[in-house]
Amino acid sequence: MRFGVVVFPGSNCDADCYHVIDKVLAEPVEYLWHGDRDLKEVDCVILPGGFSYGDYLRVGAIARFSPVMEKVLEHAAGGGLVIGICNGFQILTEVGLLPGALVRNPSLKFQCHNTRLRVERNDLPFTSLYKKKEIVEIPIAHGEGSFVADEETLELLEKENRVVFRYCDENGEINGISNPNGSLNNIAGICNEKGNVLGMMPHPERCAEEILGGLDGEILFRSLAGWRQGGDVA
Amino acid sequence: MFKAVVTITFKKNILDPQGSAVHKALHSLGYPEVSDVRVGKHIEVVMDVDSDEIAHKRIEEMCTKLLANPVIEDYQINVAVVE
């Protein structure tokens, strides 16, 4: 599995993602410059966290028009894997690969702390090594992470089983207290219809080594790396 | 030259936490009559085009492509002639 990490002006988790893939997984990884229309033949594109284009106008609004995004759209349309983390998730909604939008946290605060998530599906390339309904701990770090969508879209996401991660409490219960940012239905991550595009607000790359306090995020990257071996883990 | 003023606000069904915070602040400043506050964006776009009609058409396009996100935002456009 060859990974590519897109670098936008203002990305600040690109090096973390690169590090996890290169040093922790020891898998091939390339940086993909936002201004190039070249994905360097990678299998999985990562849109990292950060503040692309300074979050000007709206989060992710300007990044979606980067030349590299034309290729990311083609890659996704052909079934290629794409994961957007935090700002990457925001970009995926702006470009239309995922529905809904991420808006300002009701607290008006930049929230930077660990959250518990319930893994709703483990039949995806991104989550194959998690157990179904497993409770994991992955940090969030965002000011605009409140997931919103109209009622129809929300119903569709639930009906098609496209919610991949949900904020939960220590027992896996989905409730208001465990929801850090007012996201509808406690949504922390969703996928597209085909399941090859994932967007999530929490940062798996920040908990992929024991020294950083946990390995729950590493499982996601390992799931992806292992996907090439045979694929069908559903 | 034409100047388009675009006003962007959250759709009614989208929570506007900034608006709520300002709303509360106005109440505590002694304005109990305030019943709702929405915080939005004001964008001025000056265009070198030949007619009001073209200005409208172009700014509408800019709104749907970039300036507003139809999932969460509504927008209003005002176009005027400028020197």
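Reminder, nothing fancy here: chain letters follow the sequence lines and each chain counts from 1.
For Ile72(B), the part lying near chain A is the side chain, with the backbone staying farther off; criterion is any non-hydrogen pair under 4.5 Å. For a residue to count as touching a neighbouring chain, one of its non-hydrogen atoms must lie under 4.5 Å from one of that chain's; by this rule Leu57(A) touches chain B with backbone and side chain alike. Neither the backbone nor the side chain of Ile8(B) comes within contact range of chain A; no heavy atoms are under 4.5 Å apart.
More than 12 non-hydrogen atoms from other residues, nucleotides or ligands lie less than 6.0 angstrom from CG of Leu29(B). When the shell of 6.0 Å around CD of Glu193(A) is examined, it contains 12 or fewer heavy atoms from other residues, nucleotides or ligands. Around atom NZ of Lys159(A), no more than 12 heavy atoms belonging to other residues, nucleotides or ligands sit under 6.0 Å away.
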Listing needed: what donor-acceptor pairs below 3.5 Å join chain A with chain B?
{"residue": "Leu57(A)", "atom": "O", "partner": "Lys41(B)", "partner atom": "NZ", "Å": "2.7"}
{"residue": "Arg58(A)", "atom": "NH1", "partner": "Leu66(B)", "partner atom": "O", "Å": "3.0"}
{"residue": "Arg58(A)", "atom": "NH1", "partner": "Leu67(B)", "partner atom": "O", "Å": "2.9"}
{"residue": "Arg58(A)", "atom": "NH2", "partner": "Leu66(B)", "partner atom": "O", "Å": "3.0"}
{"residue": "Glu94(A)", "atom": "OE2", "partner": "Asn69(B)", "partner atom": "ND2", "Å": "3.3"}

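Of all the listed residues (Leu15(B), Leu67(B), Ile14(B)), the one sharing the greatest number of non-hydrogen pairs under 4.5 Å with chain A is Leu67(B).
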